[in-house]
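Single-structure report; data block below.
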Amino acid sequence: MSAHSPIDQIEQPDSFAFDAESEEQIAAILAKYPPERKASGTLPLLYVVQKQMGRQTGSAWVPRVAMDEIARRLEVAPIRVYEVATFYLMFNTKPIGRYHLQVCTTTSCWLRGSDDVVAACKKATGISGFGQSSADGLFTLTEVECLGACANAPILQVDDDFYEDLDGPRTIELIEALRRGERPAPGPTIDRVGSAPAGGRKTLADSPADQG
Amino acid sequence: MVKVTVDGIVVDVPNGSSALQACEAAGKEIPRFCFHERLSVAGNCRMCLVQVVRAPKPVASCGFPVAEGMEILTDTEIVRKARRAVMEFLLINHPLDCPICDQGGECDLQDQAFGYGADHSRYQEAKRAVKDKYLGPLVKTVMTRCIQCTRCIRFATEIAGVPELGAVSRGENMEVTNYVEKALTSELSGNLIDICPVGALTSKPYAFTARPWELKRTDSIDVSDAVGTNISLQVRGSAVLRAVPRVNDAVNEEWLADKGRFSVDGLKHRRLDRPWVRVHGKLQAVSWQDAFVAIGRRLDGVPGDRIGAIAGDLCDAESMLALKDLMVALGSPNIDCRQDGADYDLSQRAYYTFGTTIAGIEDADALLVVGSIPRQEAPVLNARIRKRFLAAGRGGFPIGLIGTPTADPTYSADVLGEGPDVLAALRDGTHPFAATLKAAKKPMIIVGHGALTRPDARAILASAWALAVETGAIGAGWNGFNVLHRAASRVAGLDLGLVPGKGGRSAAGMMSGGVDVLWLLGADEFHTAQIGPKTFVIYQGHHGDAAAARADVILPGAAYAEKSGTYVNTEGRVQRSFRAVMPPGDAREDWRILRAFSEVVGHTLPYDTVEVLRERLATVNPVFRVIGGLDAVDAAALPGPSDGGAVLPAPFRPVFDDYYQTDPICRASPTMGECSRIYVHPRTVAAE
C-alpha cells in the first residue's frame, strides 16, 4: 500500500557525487539562505539531485546516498531529508523510466476524459497500472492529483512539461513521438492558444485592436 | 501569571502556559497521546480537545496558550463528542490485538478508549497494515499499532540526541521509521518503550513475558552507573522481569539508561548460589560453615597487614562498611574501593563529588569536560547536558572536551585537545576556550575517570580545581566543580573511608603477592592474573565472573535487587533501595555474610540488624543520615585539593571500550551481550 517501497527492496547505487552543473546550482540555491538556516535548501537540492540523475542515468530519481549527501551538505540528520523526499510525490525514491508520465485524474480532468488518457498511456506503453514502468524502461506512469491546469483538462505532465487538452489518440501520438526521441512542444494539443477558446477568439471580435 | 477559569475553578498559571497545563493546575485530567511534558509540543493526536468559551470550535489544549480571563470547559457534550470522534479515527487503523500486545494493561490508548471509545466500529474498509521496523536488539516494533503521535521521533531527536527516527511518506501512508535498517545508536533507547503510548514500541527482551498487573513493584536504585537513577524493579515470583525508571527530577527526570534497564536478565544467569572452597585446585561446593572455617583456618596466624580487601563497583554502603569494620577488627589497613586505581583527595567531599548537581546543569552556561565521555559513563546525566544545550540556544552553552571522544556526544562540542596540556593552556589563558569559561557566569568543569585513573590524578584534580577557581566556576552560590563517577559504589566507599589506612596497601599494592589473603567484595574490574599466585582469594559476590574463577573460597552474596541497600550517587546523594526478590539458593545479603564470618574469627561486628548497621553508617559519616537530599556546600571556602606533583603528557583514554559490558551483571546478561555484539563489535557480526 505504501507509496514508497521499503528502502531495502530497491537497488541503490553505492555512491553519489554532484557534478559541476549541479554544484553551480547548489551554490546559487544556498546563497539564498542564511548559513544557520541552510536546511531550507532541502527541497531545491532534492530537485538538483533528481535532475542530475536524469541527466546521468536517464532515470530521474533520488537514491539514498544522494539524500545522505544532501544531509551532509546541509548539516542535518539524514532522516530529515528522507522525510522530505518521501513526503513530496514529485521526488522519486525509486528508479523510473526516462519519461515520467504523470496523468491527472482529479475531477476536472476526469470529467473531461482522463480515463481515456490513462487507457491510451497504458496501451501505448504496455504498462498495466499506476506506479509501474514499461518493459523497455522508457516510461513510468503515475497518477497525480490536480496539476492546476483545469482549463486545459485533461492533462498529462511528462517530466516538467504539460501536454493539455488531450484525448486518447493524441496521447498515443505524443507517446510515440517521445519514443522516437522527439519532444513535441508542450501546451495544448488542439487548436487553441494557452487557455484561450478553441478555434480562435470568441468575444471582443470587433475590438479596435483587431480592426486596426 | 495569568488567571484562567477551568470548569468554574479559577487558577493562576505562568504566562505562556498551555491550556492543558492550566487544566492540570485545576486538577482536571486531560487525555493525550502526543503531548509529553518533557518533549516539544506536536499537537497531532487531537485527543486533548477542550472547549474554550467564545472559541468557535474545540481546541487542542496542549498547544493552545492561555490568555487572561480565558474560560476553559473540559467536560461538556461538545468536548466529549469531539474526543469520541478523535478516538474513533485513531481506532480506525489500530488493530484489535490487545490480547497479544505487550502494552496491554499499561496502554494509554486502551485506557482512554475505555472513556471515549465506541462499543463498535463503523469502519468497514480495509485496515492499514505497516511493515515492522528494525530498531536494534532492545526495542521491538509492531508498527501497525502506531498512532503516529511522533513521541518517539521527538524523544530520539530532542532528548537522546540521535535524530535517527522520522516520519516518511504522508497521509495514510505515513510511517514512523528510521528508513534504513539500522539499530538505534542510543544508550537511552529503552525510554522509547516508556514514552510510546501504544504497543508500537515495546521491549524486545521482555516480549510476551508478563502482564503489568501480575508484577510486584519495588523501588530500587540503578547500579549500572553512578547517576543513581531511581528505578522500579518489577518482579513476578522470584524473577526480576524488568526495570523501569521512577520519576525523580533531581536525578534522572524519568529516563533510564539501557544498561540499567536491560541488564536485569543478567540477574538470573551465572549466579553464585552456594559457597565453594578450592580443594586440591578444584572448587567444591560446601556449606557456609565449612567455607567460614576454611577462611578462618587460612587467616589463622596471618598478620593484619598481610590481609587485604577490595570492594567492587556495585556494592551497597552497608556491606562496604561491614567489610571495613571486619578489616579493622583483623588489624588490616589494606582496604580499597578503587579497583580501577583512581585517586582522589578525600579531605573534602566537594573534591570527589558532582558539585553542580545534576539538576544544576540546567543553570550552567559553559562546560568543560576533562577525561570523560558522559554519553557512555552516565547516559542520563548526558541527557541533562543536552537538555541544557538545547535550552540555551545557539552558542548559549559552549562545551569543550579534553580527551578522545569515541562517540558523538549528542551536542556540539569542541574537542580542545587530548591530554592534560590543554588544562595548563586553559589556566595560563593561551587557549581560546579559557576566555569562554571566564566570560561565563556559571561555568562548570567535569573531571572524569579518564583523568582520575591515571598516576597523575591528584595533579589533574588540583589543576582542574584551580582552573575552576580562576574562571569563576567556584564562587558564591555556585559550585561548578564536578567529579563524574562511573561506579555506583564509589562515592559511598569514599565517604566511608574504604581507602588504605596508615601504611596500608591500595588495590594495586595488594596485587602480585602484596597480601597473603585477599577479600574481594564483588570486585571484578581488574585483571585477576595480577593477583599473586600464592595469594589466598576470597570472592564474595553474586556472579561467577573473572574473580570468582580465581577465588579459593567463594561466598555467594546478593545482587542489588536482592538486598535493601544504601547507595551514594556521583552528586553525593544518598539513596536507598529495597529488596525486590530473595537471593538465589544459599546466597545471603552481603553485610550479613561479613557479620556471620566476623563471629567465626572472634571479632563479632556490633550490629545484628540492618537498622543498627545504618545507625553506624550515620555515625561513621553523617551524610548517611539524610536520604535523597543534598546539602549545599560552600566550595568557595575550601582550599582546593592538594597538589600531587607532575602532570604526565599522555592523552586521556576512555574509561571503557564497551558500554554494554562493564560489570558482572551485564556480562552475564544475554541482552547486553547481544548489544555488545551489535553496537560495539559490528564487524564480527558481519563476518559471521
query: Checking heavy atoms, do the side chain of B:Leu165, its backbone, both or neither come under 4.5 Å from chain A?
result: backbone
task: Just do the side chain to side chain contact (heavy atoms under 4.5 Å, CB included) check on A:Leu89 and B:Arg170 with the steps written out, would you?
output: CA-CA 9 Å; A:Leu89 302 178; B:Arg170 60 150 108 178; 4.2 Å; yes
message: With a 6.0 Å cut-off (strictly less than), is the heavy-atom count around NZ of A:Lys123, excluding the residue itself, greater than 12?
response: no
message: Can you confirm whether more than 12 heavy atoms, excluding those of B:Arg32, are under 6.0 Å from its CZ atom?
response: yes
message: Is B:Arg394 in contact with chain A via its backbone, its side chain, both, or neither, using a 4.5 Å heavy-atom distance?
response: side chain
query: Should we say atom CZ of B:Arg388 is surrounded by more than 12 heavy atoms from elsewhere, each under 6.0 Å from it?
result: yes
field: side chain to side chain contact (heavy atoms under 4.5 Å, CB included) evaluation trace for A:Tyr82 with B:Asn178
entry: CA-CA 9 Å; A:Tyr82 306 154; B:Asn178 52 2; over 6 Å; no
query: Under 6.0 Å from the CD atom of A:Glu23, do we count more than 12 heavy atoms belonging to anything else shown?
result: yes
message: What part of B:Thr177 gets within 4.5 angstrom of chain A, counting heavy atoms only: side chain, backbone, both, or neither?
response: backbone
message: Is it the case that over 12 heavy atoms from other parts of the model lie below 6.0 angstrom from the CZ atom of B:Phe89?
response: no
- prompt: Taking it one step at a time, do A:Val81 and B:Tyr179 satisfy side chain to side chain contact (heavy atoms under 4.5 Å, CB included)?
  reply: CA-CA 11 Å; A:Val81 182; B:Tyr179 201 62; over 6 Å; no
- prompt: So, A:Glu83 side chain and B:Ala167 main chain: donor-acceptor pair closer than 3.5 Å or not?
  reply: yes
message: Check this for me: A:Arg180, atom CZ, are more than 12 non-hydrogen atoms of other residues, nucleotides or ligands nearer than 6.0 Å?
response: yes
A:Thr86 side chain vs B:Ser169 backbone, donor-acceptor pair below 3.5 Å: yes
